[in-house]
Amino acid sequence: MEFAGPENKGKALVPARGNEGMYRLGIFLPIILVFWGCSPNPSNAVSHGRVVNYTSCALRGDQGVGSLHGQWNYLPVPLVFDKDFYVADGGGVIPSLKGAVETWSHWANLRGFWGAFRLLNDNTGISGGRDIPELTDCSQASYSSAVTDAVGVWKINGTSRWHENRRSSCGTNTDGSPGRILPVGVQGQTDWIIQNGKIIGASILLNFEGYNAPGQQRIDVESLLLHELGHVLGLLHSCNGSGNGGTDGTAAPMCAIAPTQYTSAVMFPFLQVNQERRQLQQNDYSRINCLY
């Protein structure tokens with residue numbers, strides 16, 4: 001699942017079968033100009049009527065089980081951040097990444113789990129995180145398969161060999177430049193490995209070439225990762241944001257006609273520049289509780 005920009009408009013669901021019954025899913029979506037106010041904290045969400053129940057399952061008929069992708073056999077899920085997050089800029093992005101993890105873990109604690117995610121190799125500088133696997137192909141499924149003990153959150157940029165977004169293995173653009181593993185406009189992307197109906201592996205790629213790089217637009221990393229972690233846990237989008245007849249794989253109404261509780265959710269498929277969406281909303285709670 002991805003957040004994506006206007007250059008990818010209309011791209012549709014791209015399913016592919018892997019080995020041993022594994023299923024991986026990728027989606028390319030456009031950004032539209034929609035703005036709303038996000039609750040600053042759960043208690044305010046309750047007082048404004050946006051969250052009334054944190055622990056009950058409630059699937060509306062126009063979302064249903066088709067808005068859920070699968071679940072893990074256990075929580076917390078092991079998670080590891082790319083070492084470059086800890087090294088670059090003095091690790092300044094790490095608090096934002098951890099903030100997203102803590103938000104999902106708060107929900108899990110309410111349900112009696114020991115968190116939603118268990119962060120591995122957490123430290124400072126070069127002693128924190130994992131070195132990215134030396135992967136040069138154009139398939140995110142390779143990232144999911146390369147890390148067998150955790151879900152990896154990888155930093156994709158344009159400055160170092162193994163992190164590069166532009167890759168010859170991704171083909172050639174019309175101007176002769178290499179293609180990208182994260183196409184132009186895609187902010188973040190999640191891949192799953194599913195076996196016998198259960199999620200057994202996943203990976204997240206975050207785009208630090210087209211966003212949050214010098215001279216590029218800034219997006220809120222905590223909001224982005226909170227959304228992608230929702231996918232890791234098994235949630236699809238709260239509404240269908242594809243254009244031109246495409247589908248983003250979720251059994252939910254088109255975002256243009258979806259009710260406010262869908263468009264205000266963390267799992268709404270669009271994130272604007274400088275927008276913060278850091279708190280789970282009622283629709284997020286209602287659907288995740290149906291999985292766990």
Side-chain angles (χ1 to χ4, degrees), residues 1-15 25-40 42 44-54 56-70 103 107 183-190 192 217 219-220 223-224 226-291:
M1 290 289 182
E2 298 118 20
F3 287 123
E7 292 82 355
N8 271 336
K9 201 166 190 176
K11 282 203 172 185
L13 183 66
V14 185
L25 185 64
I27 295 166
F28 299 87
L29 299 171
I31 284 182
I32 59 176
L33 294 177
V34 177
F35 298 88
W36 63 85
C38 287
S39 167
N44 280 354
V46 172
S47 65
H48 286 84
R50 289 196 290 268
V51 177
V52 296
N53 195 310
Y54 293 101
S56 295
C57 163
L59 281 177
R60 290 170 58 102
D62 57 358
Q63 284 184 322
V65 295
S67 69
L68 310 176
H69 190 53
T103 295
W107 156 77
V184 171
V186 171
Q187 300 168 346
Q189 181 169 280
T190 292
W192 299 272
Q217 293 178 318
I219 58 172
D220 187 63
S223 301
L224 175 60
L226 186 65
H227 177 99
E228 298 301 333
L229 289 176
H231 285 319
V232 169
L233 291 171
L235 292 177
L236 295 178
H237 288 140
S238 59
C239 57
N240 189 321
S242 294
N244 298 334
T247 175
D248 71 2
T250 181
M254 296 297 295
C255 293
I257 60 172
T260 301
Q261 63 178 289
Y262 294 7
T263 59
S264 63
V266 162
M267 299 312 296
F268 181 65
F270 308 111
L271 182 67
Q272 304 305 313
V273 172
N274 295 322
Q275 180 185 23
E276 291 186 2
R277 195 192 307 142
R278 298 179 178 181
Q279 294 294 335
L280 301 177
Q281 299 298 308
Q282 185 63 69
N283 187 256
D284 303 306
Y285 285 110
S286 295
R287 291 198 297 137
I288 195 66
N289 286 326
C290 295
L291 281 173

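Basis for what follows: all heavy atoms, side chains included, without hydrogens, waters or symmetry-related copies. As the structure is a computational prediction, the values presented were derived from the model and not from experiment.
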Engineer: Which pair of heavy atoms, one from Arg277 and one from Phe268, lies closest together, and at what distance?
Structural biologist: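 For Arg277 and Phe268, the tightest heavy-atom pair comes out as NH1-O, 3.3 Å.
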Engineer: Once side-chain hydrogen bond (donor to acceptor under 3.5 Å, both in side chains) is applied, do any residues pair with Thr103, and if so which ones, sequence neighbours excluded?
Structural biologist: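 Result, side-chain hydrogen bond (donor to acceptor under 3.5 Å, both in side chains) vs Thr103: none returned.
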Engineer: Begin from the C-alpha positions of Ile219 and Asn274 and carry the test side-chain contact (heavy atoms from CB on, under 4.5 Å) through to its verdict.
Structural biologist: CA-CA 5 Å; Ile219 58 172; Asn274 295 322; over 6 Å; no
Engineer: How close do Leu59 and Cys290 get, heavy atom to heavy atom, and via which atoms?
Structural biologist: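 Closest approach of Leu59 to Cys290: CG-SG, 3.6 Å.
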Engineer: What's the spacing between Thr190 OG1 and His227 NE2 if we round to 0.5 Å?
Structural biologist: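 The NE2 atom of His227 is 7.5 Å from OG1 of Thr190, to the nearest 0.5 Å.
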Engineer: For the residue pair Tyr285 and Tyr54, categorise the inter-ring angle as parallel (less than 30°), tilted (30 to 60°) or perpendicular (more than 60°).
Structural biologist: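 If you compare the ring of Tyr285 with that of Tyr54, the planes turn out perpendicular.
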Engineer: Quick check for you: to the nearest 0.5 Å, what is the distance between Leu68 atom CG and Ile288 atom CD1?
Structural biologist: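 Reported value, rounded in 0.5 Å steps: 8.0 Å.
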Engineer: So how far is it from Asn289 CG to Ser56 OG, rounded to the nearest 0.5 Å?
Structural biologist: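 Asn289 atom CG to Ser56 atom OG measures 6.5 Å (nearest 0.5 Å).
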Engineer: I need the Asp62 CG to Asn240 CG distance, nearest 0.5 Å.
Structural biologist: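 Reported to 0.5 Å precision, the distance equals 12.0 Å.
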Engineer: How many angstroms lie between CG in Leu229 and CE in Met267, if you round to the nearest 0.5 Å?
Structural biologist: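 With rounding to 0.5 Å, CG (Leu229) is 9.5 Å from CE (Met267).
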Engineer: Run Leu271 and Gln187 through side-chain contact (heavy atoms from CB on, under 4.5 Å) and show every step you take.
Structural biologist: CA-CA 9 Å; Leu271 182 67; Gln187 300 168 346; 3.8 Å; yes
Engineer: Where do Asp284 and Ala265 come nearest, in terms of heavy atoms and distance?
Structural biologist: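 Between these two residues, the closest heavy atoms are OD1-CB, 3.5 Å.
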Engineer: Mind listing the closest non-hydrogen atom pair of Gly64 and Ser67 along with its distance?
Structural biologist: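 Closest approach of Gly64 to Ser67: O-OG, 2.8 Å.
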Engineer: Between His237 and His231, how do the two ring planes meet: parallel, tilted or perpendicular, split at 30° and 60°?
Structural biologist: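 The rings of His237 and His231 stand perpendicular, inter-plane angle above 60°.
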Engineer: For Leu291 and Leu233: C-alpha separation, side-chain torsions, deciding distance, then whether side-chain contact (heavy atoms from CB on, under 4.5 Å) applies.
Structural biologist: CA-CA 9 Å; Leu291 281 173; Leu233 291 171; 5.7 Å; no
Engineer: What residues form a side-chain hydrogen bond (donor to acceptor under 3.5 Å, both in side chains) with Ser238, not counting sequence neighbours?
Structural biologist: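 Scan of Ser238 (side-chain hydrogen bond (donor to acceptor under 3.5 Å, both in side chains), adjacent residues dropped) gives none.
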Engineer: Nearest 0.5 Å please: distance from the OG1 atom of Thr260 over to the CD atom of Gln282.
Structural biologist: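 Between Thr260 OG1 and Gln282 CD, I get 14.0 Å after rounding to 0.5 Å.
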Engineer: Has the side chain of Gln272 got a donor or acceptor atom that lies under 3.5 Å from a matching backbone atom of Phe270?
Structural biologist: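 No.
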Engineer: Provide the closest heavy-atom pair for Leu236 versus Arg287 in the form atom of the first, atom of the second, distance.
Structural biologist: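 Scanning both residues, the minimum pair turns out to be O-NH2, 2.8 Å.
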Engineer: Give the intermediate values and the outcome of side-chain contact (heavy atoms from CB on, under 4.5 Å) for residues Gln63 and Asn283.
Structural biologist: CA-CA 10 Å; Gln63 284 184 322; Asn283 187 256; 2.9 Å; yes
Engineer: Can you name the nearest heavy-atom pair linking Cys239 to Pro253, along with the distance?
Structural biologist: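 It is CB-O, 3.3 Å.
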Engineer: State, without any angle test, whether Ser223 and Glu276 hold a side-chain donor-acceptor pair at a distance under 3.5 Å.
Structural biologist: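 No - no donor-acceptor pair under 3.5 Å links their side chains.
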